Amino acid sequence: SLAAAYTPGNVYDIPVEIIRSNPMNPRVVYTSQAVDEMALSLTQTGQRVPATAFLEHGHVTLIEGETRLRGARAGGLKTIRVEIQEPPEDRKKLYKFARDANDKRREQTPLDDAIKWKELLESGVFASQAELARELDINTTKVSRILELATLPKRVVTALADHPSLLSFQMLNAIREYFESSDEDKTIEYLQLVVKNGWGYRQVAADATRNSRQPVSRKRSDSEAVEYAGGTGAIKVFDGGTRLEIVLKGIAPGKGAELVEKFKQFMAQQSAA
């Protein structure tokens, strides 16, 4: 069994095929460049610092070391060095331990925090922004400002992922403002110009302000107010029913994730019908 093979306090060369990622991994954005560089380092000079993990339900679950794991897979390595530790008390402790490790190595970005914090709040790991700020010892205003970055759509986040130079808070906030003054497709096109021309966040913020002052032609929509788990919002239908948006705010902790799961189950049933 794994418990007999790997005991806490020791370091082992563990097959990558039996290692699973940290379910509370604080990092969301992994650049292909970072993974490629790690793969090159592991294959040429070896692994200097072991990852950390614990045993859980027959798995070796990472606490921190995701980039090393991805680099090993990309480089075709069969094992990585892992220090086995005692299991964290709960998901909150698992997240905090991994985030502290990333923060010390300066691997954590505001975009990682924004996306992960939104997920942790929706799933009830943290009951509120105030609790999250207290547990992480971060000013509540800063937490609120970083969470605003989570409004960036997935395609924009994917486009950002391959450009580490754009992942500072000031630049990300300027890009968020540009997105809000424009749309998703235009923002993705604009990012290429930012990279190509080496523009700083002041230029991006100025362009966002210029956009917001221009009249915006918005597509008409049909809207219906909805309530769920203490939250209020609306279901909007655009483009003759070909595009749907659901917005809900103020949902009770944990209910957002529950609603998403119900929606996914409904979509799966419809697809199977």
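As the structure is a prediction and not an experimental result, all values here were calculated from the model.
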Transitive ILVMFWY side-chain link Ile138 to Ile146, under 4.5 Å: yes
Test side-chain hydrogen bond (donor to acceptor under 3.5 Å, both in side chains), reference Glu89, set Lys92, Arg91, Lys93, output is Lys93
Output, in order, the C-alpha distance, side-chain angles, deciding distance and verdict of side-chain contact (heavy atoms from CB on, under 4.5 Å) for Ile84 and Val60. CA-CA 9 Å; Ile84 299 298; Val60 176; 4.3 Å; yes
Ionic contact status for Arg27 with Glu66, cut-off 4.0 Å: no
Out of Val29, Leu166, Ile188, Thr187, which residue meets the side-chain contact (heavy atoms from CB on, under 4.5 Å) rule with Leu160? Leu166
Spatial distance of atom CG (Leu2) from atom OG1 (Thr7) [nearest 0.5 Å]: 12.0 Å
If you measure from CG on Leu172 to CZ on Arg145, what distance do you get to the nearest 0.5 Å? 12.0 Å
dist His59:NE2 -> Phe54:CZ (nearest 0.5 Å) comes out at 11.0 Å
Is Val194 reachable from Val157 through a run of I, L, V, M, F, W or Y residues, each pair having side-chain heavy atoms under 4.5 Å apart? yes
One should read off an interatomic distance between Asp112 CG and Leu167 CG, to the nearest 0.5 angstrom, of 8.0 Å
Residue pair Leu121 / Gln129: nearest heavy atoms and the distance that separates them: CD2-N, 3.8 Å
Using a 3.5 Å distance criterion without hydrogens, assess whether the side chain of Asn102 forms a donor-acceptor pair with backbone atoms of Pro26. no
Arg48 atom CZ: more than 12 heavy-atom contacts under 6.0 Å: no
So if you build clusters from Ile, Leu, Val, Met, Phe, Trp, Tyr with side-chain heavy-atom gaps below 4.5 Å, do Met38 and Ile19 land together? no
Would the number of heavy atoms belonging to other residues, nucleotides or ligands and lying under 6.0 Å from CZ of Arg202 be above 12? no
Carboxylate-amine/guanidinium contact Glu64 Arg99, below 4.0 Å: no
Side chain to side chain donor-acceptor pair (under 3.5 Å) evaluation trace for Asp162 with Thr31: CA-CA 5 Å; Asp162 280 326; Thr31 67; 5.5 Å; no
Take Tyr95 and Leu136, measure what side-chain contact (heavy atoms from CB on, under 4.5 Å) needs, and give me the verdict at the end. CA-CA 10 Å; Tyr95 170 75; Leu136 300 182; 4.1 Å; yes
Can you confirm whether more than 12 heavy atoms, excluding those of Lys96, are under 6.0 Å from its NZ atom? yes
Any side-chain heavy atom of Pro87 sitting closer than 4.5 Å to one from Leu55? no
Backbone N/O of Glu37 and side chain of Ser41: donor-acceptor pair under 3.5 Å: no
Looking at side-chain heavy atoms only, is the closest gap between Ile235 and Ile246 below 4.5 Å? yes
Look only at the side chain of Thr158 and the backbone of Lys154, and say whether a donor-acceptor pair between them is shorter than 3.5 Å. yes
Does Asp13 form a side-chain contact (heavy atoms from CB on, under 4.5 Å) with Ile80? I'd like the steps, not just the answer. CA-CA 5 Å; Asp13 290 321; Ile80 62 170; over 6 Å; no
Within a reach of under 6.0 Å around CG of Asn197, are more than 12 heavy atoms found that belong to other residues, nucleotides or ligands? yes
Pairs flagged by ring pair (Phe, Tyr, Trp, His ring centres under 6.0 Å) wherever residues 175-202 is involved - sequence neighbours left out: Tyr178-Tyr190, Tyr190-Trp199
For Lys255, is there an ion pair with Glu258 - N to carboxylate O distance below 4.0 angstrom? yes
Electrostatic pair Lys78-Glu17, nearest N-O below 4.0 angstrom: no
Could you tell me whether the side chain of Ile14 reaches within less than 4.5 Å of the side chain of Ile18, counting heavy atoms only? yes
Please check if Val11 and Phe97 belong to a single hydrophobic cluster, counting links between Ile, Leu, Val, Met, Phe, Trp and Tyr side chain heavy atoms closer than 4.5 Å. no
Between Tyr6 (side chain only) and Glu83 (backbone N and O only), is there a donor and an acceptor less than 3.5 Å apart? no
Side-chain touch Val156/Leu191, heavy atoms, less than 4.5 angstrom: yes
Looking only at heavy atoms, the pair that brings Ala39 and Gly71 closest together is CB-O, 3.3 Å
To the closest 0.5 Å, what do you measure between CG (Leu152) and CG (Leu111)? 6.5 Å
Is there side-chain contact between Pro8 and Glu86, with at least one heavy-atom pair below 4.5 Å? yes
Atom pair CG/NZ of Leu259 and Lys262 - distance to nearest 0.5 Å: 7.5 Å
Measuring only between side-chain heavy atoms, which start at C-beta, is Phe126 closer than 4.5 Å to Glu135? yes
Determine whether a donor-acceptor pair (N or O, by modelled atom type, separation under 3.5 Å) exists between the side chain of Arg68 and the backbone of Gln47. no
Do Val35 and Arg73 come close enough that some side-chain heavy atom pair is under 4.5 Å? no
